[in-house]
Amino acid sequence: MAGEFVMLSLVPILIGVLAAVACALPGNFLVLRRQALIGDAISHVVLPGIVVGFLLSGTVSSWAMMAGAAGAAVVAVLLIELIRRLGRIEPGAAMGVAFTALFAFGVLLLEQSDTSSVHLDVQHALYGNLESLIWVEAKGWNSLFDPVALAGLPPELGRIAIVALVMLLFTLVFWRPLKISTFDEDFARVLGMRTNLIGFGLVIMAAIAAVAAFDAVGSIIVIAMFICPPAAARLMTNRLETQVLWSVAFAVFSAVMGYVLAGYGPLWLGGDDAVSAAGMIATVSGLVLGLAALYGPHRKCRGAPTDR
Amino acid sequence: MIDALRTAMGRGTPSDPLDSLSDKPLAVRGLTVSYGDKPAVFSLDMTVEPGSMTAIIGPNGAGKSTTLKAVLGIVPRLSGVVSVFGQPLAASRRRIAYVPQRASVDWDFPTRVIDVVLMGLVRELGLLRPVRGHHRQRAFDCLDRVGMRDFADRQIGQLSGGQQQRVFLARALAQGADLYLLDEPFAGVDAATERAIIDVLKGLKAEGRTVVAVHHDLSTVRDYFDHVLMINVHKVAEGPVAEAFTEDNLQRAYGGRLAANLMDQLQLGGH
């Protein structure tokens, strides 16, 4: 039983947790900057980048795809600016045009190119392949200390672990510039902070998190993980420090509960098949947000000062 | 003469941009800012005397806030030179404190009053230095000066408009600057806050610091400020309140839109 869990479920759960945390950390700032949809946009626009990265490098799991995706994110940001300036329309509309167009382009590329031999198709792009990231070499908990078995760990785990660590370091090291420029950009500039660079860096970080998560869990979970845990966390507290901790807790909870419910929930209900783990993780994080919106202690803080 | 022409054209010589004015807290020559194709501020010169309190006044859309933001590098300038205590802006940032318009930020941001004031210390703290007891103490002292110490642990969204304005001022005080630039500090605040803010500003002046504020209430210019800069895209008048705050200048700045009874209330001379 333990052997089966370690082999089939441990790695997917870990990857789900790390992906969720990696997205939630930058997601906090995106939500507060009213840029939450940038996470959504990124998870769409990275698709053509990933496909191009794959076509150029010839492998699915390589840093080339990550570079391609990051490149696509940069192209998207520039495209949004271009459409906004040339078309003189609001950023939301420019974003909508840019990310649907790039996503469509990615799907076309995917269909036209010969990716049938590898695990890269439209379904993978949406749901990821969390359930397939099993640890074949594992025989039980002892395998955690067995170098031979550890060498057989799916490479996605190491990749998402590094990215989650990068997100953590980024958040810790640039905490003050991120916080101040998110709250009061003009003031940050007067202090001499390069606010454009900070904003751009945040988007790049979000793109890296999106791509790493996308690789393992698909774009549905990426969208949910950028927005749901941070938004729910905002309703639990009035301090940014506490909010980020809550968002990590919600991300971990959603990933674990989502995976368990997807794998075992249908069996408990008398069914005989599992449902998509990515879909269930996104569902749980949505439910968490719903509960926070209904019962969170700080959900009524908007506007309305007491004595104006 | 040639110098005057050059500044009028909005250009200064980079080597010696501001001549003998270079020690002033703030000197601006030939500042032009544009949003789109229309200039918001055109070829503006301005000199702020040390230890003075200067009001920037003018009608809506005259470029008052834009002038401040261009001086601070928040909005890009098309042309012009800015000197702060004889140095370019980048070299004198630690001597400047800025109080933005209250409405320019989202007060639902999850942070407490004390955290906002501590933002004023961030140049000292850098990226990673921890906030220590003496930093916190200084932040509390600044809150004391604006009468907001009891609110230190409140979430900023729970404050009234006037209280929010005072928190912004406390954050500027924490910066320990020599030149204070404030954008409409009295806009939409209650009488007690207005009193508290002007007391703090006059206290800064008494310490020899320099205050420049975008101001909209003509009836308080005489009481609050000793210098005035009147603009309407172009500069209309500049100087001590007694000399520059005249009916002629006001009519020119506001394009004759000021009612006669308001003029009477302002008790202006200078027909």
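In this text, all values refer to a predicted model and were calculated from it rather than measured experimentally. Convention: sequence-line order gives letters A, B, ...; per-chain numbering from 1.
Contacts between B:Ile156 and chain A at a heavy-atom distance below 4.5 Å involve the side chain alone, from C-beta outward. Neither the backbone nor the side chain of A:Thr195 comes within contact range of chain B; no heavy atoms are under 4.5 Å apart. Interface remark: B:Val116 contributes side-chain atoms only to the contact with chain A (heavy atom separation under 4.5 Å).
Note: B:Gly126 leads B:Ala97, B:Ala90, B:Gly126 in heavy-atom pairs under 4.5 Å with chain A. Of the listed residues A:Arg189, A:Arg239, A:Glu185, A:Met193, the one with more heavy-atom pairs under 4.5 angstrom with chain B than any other is A:Arg239.
With 3.5 Å as the limit, one finds a donor-acceptor pair spanning the side chains of A:Ser181 and A:Arg33. B:Glu184 and B:His216 share a side-chain donor-acceptor pair at under 3.5 Å.
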Item to check | side-chain contact (heavy atoms from CB on, under 4.5 Å) evaluation trace for A:Val217 with A:Ile281 | outcome: CA-CA 10 Å; A:Val217 294; A:Ile281 291 173; 5.6 Å; no
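Enclosure of atom CZ in B:Arg94 is not indicated, since only 12 or fewer non-hydrogen atoms of other residues, nucleotides or ligands lie within 6.0 angstrom.
Under a 4.0 Å N-O distance rule, the pair A:Glu90/A:Arg84 does not qualify as a salt bridge. Ion pairing between B:Arg138 and B:Asp141 fails under the 4.0 Å rule for side-chain N and carboxylate O. Salt-bridge annotation for A:Glu241 and A:Arg176: absent, with no side-chain N of the basic residue lying under 4.0 Å from a carboxylate O of the acidic one.
Below 30°, between 30° and 60°, or above 60°: for A:Phe183 and B:Phe109 the angle between ring planes is between 30° and 60°, a tilted geometry.
Within residues 167-179 of chain B, the residues having any heavy atom less than 4.5 Å from a heavy atom of chain A are, in residue-number order, B:Phe168, B:Arg171, B:Gln175. Within residues 63-71 of chain B, the residues having any heavy atom less than 4.5 Å from a heavy atom of chain A are, in residue-number order, B:Lys69.
In this structure, the side chains of A:Leu202 and A:Leu30 come closer than 4.5 Å at one or more pairs of heavy atoms. With contacts defined as side-chain heavy-atom distances shorter than 4.5 Å, the pair A:Gln243/A:Asn238 does not qualify.
Minimum interatomic distance between A:Pro26 and A:Phe226 (heavy atoms only, all atoms of both residues): CG-CE2, 4.1 Å. The minimum heavy-atom distance between A:Cys23 and A:Ala213, with the atom names listed, is SG-CB, 3.9 Å.
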